[in-house]
Amino acid sequence: MNTLPLINACLNGLAAILLTVGWIHIRRGNKLAHRNCMISAFVTSCVFLTLYLIHKYLLHSLHTPFRGPDFLRLPYLVMLTSHIILAIAIVPLVLITMRRGLRDDIVRHRKIARWTFPIWMYVSVTGVLVYLVLYQIWPAKA
């Protein structure tokens with residue numbers, strides 16, 4: 001169970017990399033590589049969500065206390081709150097975006113992907129940052 005936060009951070013980081021590579025591919029006109037990267041990012045995020053929920057269930061707690069300096073508490077809480085809100089919002093956005101892309105509804109896919117991509121990227125990157133703050137920079141004393 002102690003390794004689940006690290007695994008989850010790695011999955012978030014991998015999702016961010018896949019999103020970036022997928023974005024590069026579509027900018028270069030490589031639709032197949034774009035599709036494969038985005039499907040891979042989706043699967044990676046689904047595995048992350050599953051393991052995250054398992055981790056929280058095994059801990060019997062949704063809260064991991066911030067142990068950093070007091071002057072960083074507010075910025076951390078702002079990042080965490082925005083991360084949580086956007087993590088909830090990204091689920092339907094990703095599902096709609098993927099559905100439109102897989103159905104080749106490109107005009108509508110692009111319209112929503114303009115919102116989905118930066119939010120999904122933000123959630124993935126801040127997920128890694130939350131891990132670093134809670135488990136690496138200022139971990140709980142053993």
Side-chain angles (χ1 to χ4, degrees), residues 1-140:
M1 182 171 81
N2 291 339
T3 60
L4 280 178
L6 173 59
I7 292 167
N8 285 337
C10 290
L11 289 168
N12 267 323
L14 178 58
I17 291 167
L18 289 165
L19 290 169
T20 301
V21 173
W23 181 82
I24 291 168
H25 279 304
I26 202 61
R27 292 288 173 231
R28 293 181 177 170
N30 189 342
K31 290 181 182 180
L32 180 61
H34 168 74
R35 183 195 67 150
N36 291 341
C37 283
M38 294 310 183
I39 290 172
S40 297
F42 175 75
V43 170
T44 300
S45 292
C46 288
V47 172
F48 158 79
L49 181 58
T50 302
L51 292 178
Y52 175 81
L53 293 173
I54 288 169
H55 177 247
K56 291 304 179 182
Y57 174 77
L58 292 175
L59 283 181
H60 305 289
S61 171
L62 291 176
H63 178 68
T64 304
F66 175 74
R67 300 188 191 285
D70 286 340
F71 75 94
L72 290 178
R73 182 175 305 283
L74 181 59
Y76 168 76
L77 291 174
V78 168
M79 178 182 69
L80 180 62
T81 301
S82 64
H83 170 82
I84 291 168
I85 292 168
L86 292 173
I88 294 166
I90 197 60
V91 174
L93 286 172
V94 167
L95 293 173
I96 293 166
T97 305
M98 297 243 340
R99 182 175 182 213
R100 289 177 181 178
L102 291 171
R103 290 187 171 186
D104 217 24
D105 185 356
I106 301 305
V107 172
R108 293 176 68 213
H109 172 76
R110 283 183 182 165
K111 283 182 181 179
I112 196 167
R114 292 182 205 284
W115 293 95
T116 304
F117 175 79
I119 294 170
W120 195 356
M121 182 64 77
Y122 178 84
V123 168
S124 296
V125 171
T126 55
V128 174
L129 293 175
V130 167
Y131 165 78
L132 290 172
V133 166
L134 295 180
Y135 295 95
Q136 295 301 315
I137 300 171
W138 296 290

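As the structure is a prediction and not an experimental result, all values here were calculated from the model.
With rounding to the nearest 0.5 angstrom, the OG atom of Ser45 is 6.5 Å from the CG atom of Leu19. Here CG of Leu6 is found 9.5 Å from CG of Leu11. Values are rounded to the nearest 0.5 Å. To the nearest 0.5 Å, atoms CG (Leu72) and CG (Leu74) are separated by 10.0 Å. Taken to the nearest 0.5 Å, the CG atom of Leu18 stands 10.5 Å off from the CG atom of Asn36. Taking CG of Leu49 as the reference point, atom CG of Asn8 lies at 9.0 Å (rounded to 0.5 Å). A distance of 12.0 Å separates CD1 of Ile119 from OG of Ser124, quoted to the nearest 0.5 Å.
Between Asn12 and Tyr52 the shortest side-chain heavy-atom distance does not fall below 4.5 Å. Side chains of Val21 and His25 form a contact here, defined as non-hydrogen atoms less than 4.5 Å apart. Using a 4.5 Å cut-off on side-chain heavy atoms (C-beta onward), Ile39 and Leu102 make contact. Counting heavy atoms from C-beta on, the side chains of Val94 and Phe42 come closer than 4.5 Å. Side-chain contact check for Thr20 versus Met121: some heavy-atom pair is nearer than 4.5 Å. At a threshold of 4.5 Å between non-hydrogen side-chain atoms, the residues Leu80 and Phe66 do not count as touching.
In terms of heavy-atom proximity, Ile88 sits nearest to Pro92 at O-CD, 3.5 Å. Smallest separation of non-hydrogen atoms from Leu4 and Ile54: CD1-CG2, 4.3 Å. Shown here for Val123 and His83, the closest heavy-atom pair between the two residues is O-CE1, 3.1 Å.
Ring geometry, His109 versus His34: the interplanar angle exceeds 60°, so the pair is classed perpendicular (tilted spans 30 to 60°). The aromatic rings of Trp23 and Phe117 sit parallel to each other, their planes meeting at less than 30°, with 60° as the upper class boundary.
Within 6.0 Å of the NZ atom in Lys56, the count of heavy atoms belonging to other residues, nucleotides or ligands exceeds 12.
Sorted by first and then second residue, the pairs that involve residues 59-84 and meet salt bridge (Lys or Arg N to Asp or Glu O under 4.0 Å), not counting sequence neighbours, are Asp70-Arg73.
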**Study point:** Trace of the side-chain contact (heavy atoms from CB on, under 4.5 Å) decision for Tyr135 with Val130
**Key:** CA-CA 8 Å; Tyr135 295 95; Val130 167; over 6 Å; no
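Residues Thr97 and Trp120 have side chains that never bring a donor and an acceptor to within less than 3.5 angstrom of each other.
A donor-acceptor pair is defined here as one N or O able to donate and one able to accept, closer than 3.5 Å; such a pair exists between the side chain of Ser82 and the backbone of Met79.
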